[in-house]
Amino acid sequence: MEGKITQTARKYHPLVSPISPEIRRALPLIVLVSAGAFTFLIAVVGSLATRPPSGSTTLGALALLGSAVIAEAFPVPIEGVSAGRTSLATVFIVAGAVIYDWRIAGVIGFLTMATVEIGRRRAPVRIAFNAGVYTLAAAAAGATASAFGEGSLLMLCIATLVVSTVFYVVNIGLLGLLFTRLRAQPVLQTLRGTLVSTTVPFAIMASLAVILVALWDRSPYLSIALVGPLVAIALYQRRQHGTLDRLRELDRLKDEFIAITSHELRTPLASVYGAAMTLQSRDLAKEQRESLLGVIYRESGRLARLVDQVLWASKLESTRSAPEVGSFDPVELVDDVIAAEHAHLPPSVSLTVAMDDAAPRVAADGEKVKQVLVNLIDNAVKYSAESGAIEVSLRAVDDCVRFSVRDDGLGIPLVEQQRIFDKFHRLDPDMTRGVGGTGLGLYICKQLVDQMNGHIWVASQEGEGSTFAFDLPAARV
Ligand code: ADP
């Protein structure tokens, strides 16, 4: 069982800051659990000192402890179980309680959780609580096991089931209580939620514990036979879960794609439709006709760019091969791009160029580099103030040629600077600023630059502007 604060819970209530109000609310419970576990461990140490375990018991306990630590460190996701990943460590702690005694179970429980949590550099308060929970659950399991005494194999199996249940109840009960305190929710509601989400892992864990104990009863060496199937199942589950996560992400991207493209298609289509209707239905002066034709020209251009972006994004996804790499003169290329951009630049925006005329030829596909540069300049225009100043520069840097586009526009917050290269990622998804876009442009730029063995990045200060730059390898002469 996930004998610790799970990923899902951590998302809402990280036990990271020891002074958060949630932690303060849960502190009495955390102190109680830690103190209980500490007292129990002192009793264990005292008992081990007066009645030390035999060599074979120590060896067996170490094998169980090692397995428990590995299982705790690599939890297995179970599809449909919302409690996060399931650690199989419980199986080994319960086995320790049934095969040996409460002392061995307690030590395995404590050391397993403490080792893994310390290894993960968790906050001390979290280590204390999670290790405390495992220790107390193991103590309860050990006490239950000792009540059964010696018996037939069937009795041993029944005892293991009961001991697993006790471990589960204490473990989940304490975690449920913690969530109750953290979320300030009614106890019953939280406990019910925790129980529902952990029943399936419990059933799996209890049956595995029974199998392990039964095999161990015949010969401890026989239980090694369990390692193969357990590892195989864990790896398979992890892979399957990874695939399902990717499918869910793809599904989400598909929904986002439909929402964004339909929104982005609608606006220019409505303008084209409206302008065409007006042209058809009314007698207009020459000036008005030209203005409406201008709308149709601009908006259909926008539609074409949008469709191109979508086609490019899907093409980049379906073809993994690198594009054909030739070489081109970057000065000529930048000149061409600037000349074309000047043709449709808003009059209030200035576009200047700073070029190192001696820049070497670039080993890349010129058409694709043009596409990237045009995209960056279009963005600089789009996300600049009315009278923005944009500078395109070109220079040689070591074995590369660096293209950059600087604007003095909106800028991009630091936390967003990596994510804007992700598919569909927009800073302003609700388009509250009224600047449309699909969030595909920079994704396409990055894919193209990567394919040409280059590197693209942004340096930006919110409110002060951005510089997008990419390096491409210089051609060998
Ligand atoms: P789109 O412009 O179609 O939304 P992009 O992939 O080209 O998609 O850009 C992703 C996001 O990055 C944009 O929505 C915008 O928020 C931000 N962005 C891109 N370029 C700039 C820039 N020059 N200045 C400020 N923000 C930018």
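Counting starts at 1 for both ligands and their atoms, following the listed order.
Among Ile338, Leu376, Val337, Thr352, the single residue meeting the side chain to side chain contact (heavy atoms under 4.5 Å, CB included) criterion with Val392 is Ile338.
Which parts of ligand 1 touch Leu440 is read off a 4.0 Å heavy-atom cut-off, strictly below it: atoms 6 (O), 8 (O).
In this structure, the side chain of Asp408 engages the main chain of Ala389 through a donor-acceptor pair within 3.5 Å.
With a heavy-atom cut-off of 4.0 Å, Asp407 touches ligand 1 through its side chain alone.
Remark: ligand 1 and Leu442 share an N or O pair separated by less than 3.5 Å (distance only, no angle test). Between Gly439 and ligand 1, at least one N/O pair is under 3.5 Å apart. For ligand 1, the polar-atom distance check against Arg426 finds a nitrogen or oxygen pair separated by under 3.5 Å. For a threshold of 3.5 Å applied to N or O pairs, the pair formed by Leu427 and ligand 1 contains at least one separation below that value. For the pair His425 and ligand 1, the shortest N or O to N or O distance does not fall below 3.5 Å.
Judged as a ring pair (Phe, Tyr, Trp, His ring centres under 6.0 Å), and not counting sequence neighbours, Phe328 has no contacts.
If you check the side chains of Ser404 and Ser393, you find a donor sitting under 3.5 Å from an acceptor. A side-chain donor from one of Ser466 and Ser460 sits under 3.5 Å from a side-chain acceptor of the other.
Using 4.0 Å as the threshold, Phe468 has a heavy atom nearer than that to some atom of ligand 1. Residue contacts with ligand 1: Lys382 is included, with a non-hydrogen atom under 4.0 Å away.
A salt bridge does not link Arg305 to Asp308: none of the charged side-chain nitrogens sits closer than 4.0 Å to a carboxylate oxygen.
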Listing, residues 285-300 side-chain donor-acceptor contacts under 3.5 Å, not counting sequence neighbours, or none:
unit_1 : atom_1 : unit_2 : atom_2 : d
Gln288 : OE1    : Ala285 : N      : 3.3
Glu299 : OE1    : Arg302 : NH1    : 3.4
Ser300 : OG     : Ile296 : O      : 2.5
Ser300 : OG     : Tyr297 : O      : 3.2

